[in-house]
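One structure below.
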Number of protein chains: 2
Amino acid sequence: MQLNELSDRSGISPASIKYYLREGLLPAGEAIHATRAEYSARHVERLELIQALRRIVGLNIGQIRLLVTMADDGVPRLDLLAAVQRVVLSLENYATAIGGEPAAATDAVVRLRGWPDAPSDARNALAAHLQLMASLNIPASADVLKTYSRAADDVAGIDIAATTAPESIDKLILTAAVGMHMHSQLLLKLLALAQASHAIRRYQDGA
Amino acid sequence: MQLNELSDRSGISPASIKYYLREGLLPAGEAIHATRAEYSARHVERLELIQALRRIVGLNIGQIRLLVTMADDGVPRLDLLAAVQRVVLSLENYATAIGGEPAAATDAVVRLRGWPDAPSDARNALAAHLQLMASLNIPASADVLKTYSRAADDVAGIDIAATTAPESIDKLILTAAVGMHMHSQLLLKLLALAQASHAIRRYQDGA
DNA sequence: GCCTTAGGATAGAGCCACTATCCAACGGTG
DNA sequence: CACCGTTGGATAGTGGCTCTATCCTAAGGC
């Protein structure tokens, strides 16, 4: 198919498709000659992925490019999933190599939960975040960490089954990213409702 | 103090301060005459609030204006806190009045947790989010909701004590918004680490 | 009474994600 | 065989957002 048909099938304007081509999110079609190129179902799928990552998950062009480049380079799926986690859960804005008290608190959480003692983006991000909280005078007590980490452990335990049946790399990224995003947002919404509920109860009992 | 001193004390450029004045985030100083205005400690505090909401929490100008307008209008603190929750936890992008299955699931969660059966932004957002998930073919099972809501309930239970000692309305907004943001991000980081840990264990056991 | 400076208004910058325009080349159609 | 319409490719423009820089007028201090 040619550009116009690709546009019709994906619902994305030709101008935007050209933009994605320029930005390296969408591989070039097979050039028939100077002014014709043939696109395939793979391009439709890629556009669906791009659309979902933009509109639903809210990633920017650079983040999407990172993911699709990894996919096209054929990096191992675990690395790919780690990258998805990094961009979807905003683990990327944290410098590595945090030391001192936050690192110790992070280690304590890992031991408490019996999680494998391996370095990861998530672990760095957690340590960095604890440091940030401390610097803002919002210390996270051991009690808070205990309760939060138990909650996270419980939730992660039932989440993990979701990453199955990847027909294609693009589909894998799509389901992983969208699923991760929606589940984290679900937890946040529930947290909001729980907070509101506790606040109501508290003010009613107090009044 | 005058504009330049306000700028020095807050670390915000005079141009930006003028911008905040124009946008209605910062009340005008007391006009001495046509070309002089006197600013007070209240303005410094307000600028700190604006800065924190922008840089740390990541709110945009419109969201900040909403909060400070409410504060200046003297709305009840509970309403103010609800508004803070709405913008910090992104409850605002959801239309109200969701019905059908998602609303039923939401009601079930409320009953299960023994939360007060009152309408709220959080409740609407939850129902809307469940609807969105269903439409994306990522249904949230009763099991998921049970585990997630228990986690949220636990976390909210220890969070609620944080909202104390508000010396001023601006400080109340600041601590509430920053605290809410940092705690929700903390939970997300822990969730990321938990997910990564479960994934590692799973792949190690499987391999 | 003059010169520096504050305040206020307006316009511009820089980033992002598109979107519209322009142009040369080619293929289908008559 | 010639021509019109469309395609692909490059480039420039748009709109929203958050500032930032410039300009001008009116005062206060010396």
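Here is the naming used below: chain letters follow the sequence lines, and residue numbers restart at 1 for every chain.
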Give a yes/no on whether any side-chain N or O of [X] is located under 4.0 angstrom from OP1 or OP2 of [N].
X      : N       : answer
S16(A) : dT19(C) : yes
N4(B)  : dA6(C)  : yes
Y19(A) : dC16(C) : no

Next on the checklist: Taking the minimum atom-to-atom distance to the side chain of S13(A), which one of dC19(D), dT19(C), dA21(D) wins?
Outcome noted: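 The answer is dT19(C), which lies nearest to the side chain.
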Next on the checklist: Let's see if you can work this out: which of dA20(C), dT20(D), dG8(D) has an atom nearest to the side-chain heavy atoms of R22(B)?
Outcome noted: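 Nearest nucleotide to the side chain: dT20(D).
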Taking atom [atom2] of [N] as reference, at what distance in whole Å does atom [atom1] of [X] sit?
X      : N       : atom1 : atom2 : answer
L21(A) : dG8(D)  : CG    : P     : 9 Å
L59(B) : dC19(D) : CG    : C1'   : 17 Å
I12(B) : dT18(D) : CD1   : C1'   : 13 Å
Q2(B)  : dT5(C)  : CD    : C1'   : 9 Å
L53(A) : dC16(C) : CG    : C1'   : 17 Å
R65(B) : dC17(D) : CZ    : P     : 10 Å
L3(A)  : dA10(D) : CG    : P     : 13 Å
N60(B) : dC17(D) : CG    : C1'   : 9 Å

Next on the checklist: Run R123(A) and D117(A) through salt bridge (charged side-chain N to carboxylate O under 4.0 Å, His left out) and show every step you take.
Outcome noted: CA-CA 10 Å; R123(A) 194 162 174 171; D117(A) 188 12; 2.7 Å; yes
Let me confirm one number: the [atom1]-[atom2] distance from [X] to [Y], rounded to the nearest 0.5 Å.
X       : Y       : atom1 : atom2 : answer
K189(B) : Y148(A) : NZ    : OH    : 13.0 Å
I61(B)  : I50(B)  : CD1   : CD1   : 7.5 Å
I169(A) : I173(A) : CD1   : CD1   : 6.5 Å

Next on the checklist: Looking at every non-hydrogen atom in both residues, tell me the closest pair between L3(A) and I17(A) and how far apart they are.
Outcome noted: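 Closest heavy-atom pair between L3(A) and I17(A): O-CD1, 4.4 Å.
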Checklist entry - Do R86(B) and D121(B) pass the salt bridge (charged side-chain N to carboxylate O under 4.0 Å, His left out) test, and can you show the C-alpha distance, the side-chain angles, and the key distance before you say yes or no? => result CA-CA 7 Å; R86(B) 194 157 57 235; D121(B) 289 331; 2.4 Å; yes
Checklist entry - When you check every protein heavy atom under 4.0 Å of nucleotides 22-30 of chain D, what one-letter string (B, S, -) results, 5' to 3'? => result ----SSS--
Item to check | Stepwise salt bridge (charged side-chain N to carboxylate O under 4.0 Å, His left out) check, D72(B) with R65(B) | outcome: CA-CA 10 Å; D72(B) 291 342; R65(B) 180 168 38 224; over 6 Å; no
Checklist entry - With no angle test and no hydrogens, is the base of dT18(D) tied to the side chain of R55(B) by a donor-acceptor pair under 3.5 Å? => result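 Checked by distance alone, the answer is no.
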